Every structure is written in structure tokens, then in C-alpha cells.
Enquirer: 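Here you go, one structure.
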Amino acid sequence: MNQQPLPAALAAYAGAGERGAPYELLAEREDGTVVRCGEIVAKAHAGDSDRADLAVRMRIAADEALAGVLLAPLRPEVGDLGGRPVSLWPYGAPVDPERPEDAPWEAAGRLLAALHQVPLHRLPGPVPPMRGPAKLARALRRLSRATAPGAVRSREGVRGADDARSPAGTRPGSALVPGPAEGRPAGDLVRAAARTLPAWVRGEAPAPRGGTLCHGDLHLGQLVRGPGPDGGWRLIDVDDLGIGTPAWDLARPAAWYAAGLLDTGAWGRFLDSYRAAGGPAAGPPGSDPWPELDLAARALTVQTAALALAKSAEGRRRLEDVERLMVESCARIASLPPDLEPQAPS
């Protein structure tokens, strides 16, 4: 049987095929394919998604308790397309990557604070756990596959994941990191940094009991201007939504700030707006947020570095500057004593 490519099939699912309308491919990754058809966005979620959990997440996004926080789906039900779970959403204008000075850090802080204060008893359930630790575990597995001996048979002339300056015997996908860790394979550094984290953070043990609704994968790509008269910012992508440690949702901007990728002004606007809106994960205004955020920020650093190394190995390319900074941060994390005891969520 002649099958359409997934993006075209998604467009047809959204109705574009019936109207003969063009579609725009917004994303195509192993964890999801997204197309836009006019004012409709269709997403094919990962094939291994837990459909029961995804169904609950969709109902939560459609619930009035999250109005003004999460972009509501066009249908609260999960569809099916060739064995892949599918969802339909209204189109929302994303953050403009060409204008970083206009990044809505204040809105991101307010939305997260509102999300973290939603009473769980008002939500459809059972609410699944937030998938942050599962994503870290997945990134580490991908790194192991990409850098395993024999994963790529020939890399002659390829610089990047395995730098051309690497000494003989260095494993594929093991860039060397400058500075204090000079000469140590990057993959080893990332794995060493991961071992400093508690087992639950690596997805290897149950997480401490917590009662906060979390997004699970916050970054600026997860904000869009919602449809309707207000056109306000909304959070999108519910694949990782669930109960967990709210500090995880602040972890990516915190990790960027710690690595020097986010300037002090932007970090301050994000943190201040979160705290001013009653967010529970970073301590009271004026206090040091790092006792609350440090563990989650280190976890996101390890996750980001693991994915960067895996992608560079798979694509036979050099690490980009931002990716290398995250790997270098792992060199510092690897020098820290391990967190032996799980830390209770905020």
C-alpha cells in the first residue's frame, strides 16, 4: 500500500487534504512531527507515548482551570494516525528567534507561577508524573547509543563529536573538553556529571512525592500568542505535563544563566515575575534562589549536553558553541560530590 509521508498525512488529518490547502512543516523530530494548516496545527506524538497519560494531559489542557495558561486543544481527545497518537491545536504565533531582546521572559515567569498554583483536585485525573527525569534518562541512553563503539563505522575527516585532535583510541562521539578537564572525553564527563545526581533525577528511582502541576519541558519555544481577542502568551506542548518538582520548570533558564548563555537582565525579569506571581519554586523575593534551583539546573545541563553530544555524533558534525558550553558545564558538575539523598520538592 502506498503511504503518504507523515507530514502530508498529518495535513490531511487536519483537513488540509480535503481543501487542497498547503501546509507548513513546523517540526520533525523523533519525539514528534508538527504541521500547520492555516489556523490549525496537527501533532503526531512519539510512537511510544503512553496514550492513557497523554489523554489525561489533553483533558487537563482543555480544562477551564488552565484557561489563560495552557493553549487549549481543538479537541480534547487523542486521535490516531498510522499507529501514532495525534492531537489538533489552534495556531499561535511563536517567539521570534530573530528578536531575542523581545523574548517574553516575564510572561514565561507568570505562566509558570500560575501553572504551579493550580489546585490538583480541580483537574481531570489521574494526573501522571511530570516527565523531566524520564527525559534525562532518555537523553543519556541516546548518548550511549550514539557513542558506542561501532555506532558509526567510519568518521575519517569528520570533526565535531569526535574532534580531529582526539588521540588514538578515543571513542566515537567523545569530543575533548578544554580547561581543567583537557583531554577527557566529553561523553565521559557528561556521564560523570549524571552520576552526581540522585537516582530519581536520572529516572532510575521513584521521585519524591510532590503535589505541583509542572510543564516538564519549559523553554521559549513552548510559548505562543494564543488566538482570541487578548492574544496573550500561552504555554504549549503537554507531552511532559504532570505532577512533580516545580523547580524543574525553571531549570533550563537557570542552567543557561549559570553557563553564561542568559544575561543577568533576562534572568532577573524571569525570576522576579515568577516570584511576584506567587511561584513556589525559587524562594521568596530577595532570597537566593539557588538552594531551590541548583539540582534541577544541573539535571537540565546534563540532559542538554547529552543530547548535544548524541546529535553531533549522529550528524557527524562539530559541537556548536552553545552546545560546547553546556558540555563544559558538565565538567564542573562532574567535580562536585554526589547528591546521595533525594531532595524533597518545593
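Quick caveat, the model's predicted, so the values are computed rather than measured.
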Enquirer: Quick one: are F270 and E106 in side-chain contact, heavy atoms under 4.5 Å?
Expert: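 No, too far: nothing below the 4.5 Å cut-off.
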
Enquirer: Could you measure the distance from the CG atom of L271 to the CG atom of L250? Nearest 0.5 Å is fine.
Expert: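 These two atoms lie 7.0 Å from each other.
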
Enquirer: How close do A193 and C330 get, counting heavy atoms only, and between which atoms?
Expert: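 Closest approach of A193 to C330: CB-O, 3.6 Å.
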
Enquirer: List the steps, then state whether side chain to side chain contact (heavy atoms under 4.5 Å, CB included) holds for L88 with Y13.
Expert: CA-CA 9 Å; L88 294 178; Y13 182 91; 3.9 Å; yes

Enquirer: Side chain to side chain contact (heavy atoms under 4.5 Å, CB included) between L336 and R298: does it pass, once the steps are laid out?
Expert: CA-CA 11 Å; L336 299 174; R298 284 189 282 131; 3.8 Å; yes

Enquirer: Below 4.0 angstrom, N of the basic side chain to O of the carboxylate: do D188 and R191 qualify?
Expert: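 The answer is yes: the pair qualifies as a salt bridge.
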
Enquirer: Salt bridge check, R317 against E314: does any charged N sit closer than 4.0 Å to a carboxylate O?
Expert: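 So E314 does not pair with R317 through a salt bridge.
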
Enquirer: Let me see the working for L66 and I60 under side chain to side chain contact (heavy atoms under 4.5 Å, CB included), right down to the final yes or no.
Expert: CA-CA 7 Å; L66 277 301; I60 290 174; 3.9 Å; yes

Enquirer: Mind checking ring-ring contact (aromatic ring centres under 6.0 Å, His included) for H45 and listing every partner two or more places apart, or none if nothing turns up?
Expert: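 Testing H45 for ring-ring contact (aromatic ring centres under 6.0 Å, His included), a comparison that skips the adjacent residues, returns none.
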
Enquirer: Would you say L218 ends up clustered with M326 if hydrophobic residues are merged whenever their side chains have heavy atoms under 4.5 Å apart, either directly or through other cluster members?
Expert: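 Same hydrophobic cluster.
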
Enquirer: Find the distance between OH (Y91) and CD (E39) and round it off to the nearest 0.5 Å.
Expert: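 Going from OH on Y91 over to CD on E39, the span is 8.0 Å.
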
Enquirer: Which atoms form the tightest heavy-atom contact between A277 and Q117, and what is the distance?
Expert: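 Answer, listing the atom of A277 first, then Q117: O-NE2, 2.8 Å.
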
Enquirer: Okay, side chain of R36, backbone of G38: is any donor-acceptor separation there less than 3.5 Å?
Expert: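 Yes, because the side chain of R36 sits within donor-acceptor range (under 3.5 Å) of the backbone of G38.
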
Enquirer: Between R332 and S329, is there a side-chain donor-acceptor contact under 3.5 Å, judged purely by atom types and distance?
Expert: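 Yes, a side-chain donor-acceptor pair sits under 3.5 Å.
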
Enquirer: For residues D217 and H215, determine if any side-chain heavy atom of one lies less than 4.5 Å from a side-chain heavy atom of the other.
Expert: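 When only atoms from C-beta onward are counted, H215 and D217 do touch, with a gap below 4.5 Å.
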
Enquirer: Could you grab the distance from atom NZ of K311 to atom CD of E323, nearest 0.5 Å is fine?
Expert: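 Separation between the atoms: 7.5 Å.
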
Enquirer: Got a second to check how far T33's OG1 is from L25's CG, nearest 0.5 Å?
Expert: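 If I round to the nearest 0.5 Å, the distance is 7.0 Å.
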
Enquirer: Distance alone, cut at 3.5 Å: any donor-acceptor contact between the side chains of R84 and S49?
Expert: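 Note: R84 and S49 side chains miss the donor-acceptor criterion.
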
Enquirer: Is any side-chain heavy atom of I333 less than 4.5 Å from a side-chain heavy atom of L189?
Expert: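 No, their side chains stay 4.5 Å or more apart.
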
Enquirer: Which atom pair, heavy atoms only, marks the closest approach of L300 to R252?
Expert: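 Closest pair (atom of L300, atom of R252, distance): CD1-NH2, 3.5 Å.
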
Enquirer: Consider only side-chain heavy atoms of I, L, V, M, F, W and Y, link residues closer than 4.5 Å, and tell whether L112 and L120 are in one cluster.
Expert: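 Same hydrophobic cluster.
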
Enquirer: Is it true that R142 and E30 have a side-chain N and a carboxylate O under 4.0 angstrom from each other?
Expert: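 Result for this pair is yes, salt bridge flagged.
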
Enquirer: Identify whether V35 and I40 are in the same connected component of the hydrophobic contact network (ILVMFWY, side-chain heavy atoms under 4.5 Å).
Expert: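 In one cluster: yes.
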
Enquirer: If we only count heavy atoms from C-beta on, is the L262 to W105 side-chain gap below 4.5 Å?
Expert: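 Contact flag for L262/W105 side chains = yes.
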
Enquirer: Count I, L, V, M, F, W, Y as connected when their side-chain heavy atoms are under 4.5 Å apart, and connections chain through other members. Are V238 and L81 then in the same cluster?
Expert: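 Shared cluster, no.
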
Enquirer: How would you list all residue pairs meeting salt bridge (charged side-chain N to carboxylate O under 4.0 Å, His left out) that involve residues 45-72, not counting sequence neighbours?
Expert: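 Checked against salt bridge (charged side-chain N to carboxylate O under 4.0 Å, His left out) - neighbours excluded - the pairs reaching residues 45-72 are D48-R138, R51-D80.
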
Enquirer: Please tell me if the side chains of M58 and E77 come closer than 4.5 Å, counting only heavy atoms from C-beta onward.
Expert: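 No, too far: nothing below the 4.5 Å cut-off.
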
Enquirer: Over 60° means perpendicular and under 30° means parallel, so classify the ring planes of W267 and Y257, tilted if in between.
Expert: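 Because their plane-to-plane angle is under 30°, the rings of Y257 and W267 count as parallel.
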
Enquirer: Do L213 and M130 have side-chain heavy atoms sitting under 4.5 Å apart?
Expert: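 Side chain of L213 against side chain of M130, heavy atoms only: no contact under 4.5 Å found.
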
Enquirer: Rounded to the nearest 0.5 Å, how far does CG of L10 lie from SG of C37?
Expert: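 Rounded to the nearest 0.5 Å, the SG-CG separation comes to 8.0 Å.
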
Enquirer: I need the full list of salt bridge (charged side-chain N to carboxylate O under 4.0 Å, His left out) pairs touching residues 123-132, with sequence neighbours left out, sorted by first then second residue.
Expert: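 Listed by first then second residue: R131-D240.
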
Enquirer: In terms of hydrophobic clustering (I, L, V, M, F, W, Y; side-chain heavy atoms under 4.5 Å; direct or indirect links), are L295 and L136 co-clustered?
Expert: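 L295 clusters together with L136.
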
Enquirer: Looking at R99 and D102, is any side-chain nitrogen of the basic one under 4.0 Å from a carboxylate oxygen of the acidic one?
Expert: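 Yes, this pair counts.
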
Enquirer: Looking at side-chain heavy atoms only, is the closest gap between L71 and D237 below 4.5 Å?
Expert: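 Result no, sub-4.5 Å side-chain heavy-atom pair not found.
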
Enquirer: If I compare all heavy atoms of L70 with all of A61, which pair ends up nearest, and what's the gap?
Expert: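 Looking at all heavy atoms of both residues, the closest pair is CD1-CA, 4.0 Å.
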
Enquirer: What's the shortest heavy-atom distance between I243 and G211, and which atoms?
Expert: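 Heavy atoms of I243 and G211 come nearest at CG2-CA, 3.9 Å.
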
Enquirer: Do other residues, nucleotides or ligands put more than 12 heavy atoms under 6.0 Å from D321 CG?
Expert: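 12 or below, so no.
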
Enquirer: Please check if the side chain of R275 supplies one atom and the backbone of A282 the other of a donor-acceptor pair under 3.5 Å.
Expert: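 Checked: pair present.
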
Enquirer: Taking all heavy atoms of A194 and all of V302, pick out the closest pair and write down the distance.
Expert: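 That would be CB-CG1, 3.9 Å.
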
Enquirer: Would you mind reporting whether R225 and W233 have side-chain heavy atoms less than 4.5 Å apart?
Expert: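 SC-SC contact between W233 and R225 confirmed.
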
Enquirer: Measuring from atom CG of L140 to atom CZ of R202, what distance do you get when rounded to the nearest 0.5 angstrom?
Expert: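 Going from CG on L140 over to CZ on R202, the span is 8.5 Å.
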
Enquirer: Might you work through the side chain to side chain contact (heavy atoms under 4.5 Å, CB included) test for T212 and V118, ending with a clear yes or no?
Expert: CA-CA 8 Å; T212 301; V118 172; over 6 Å; no

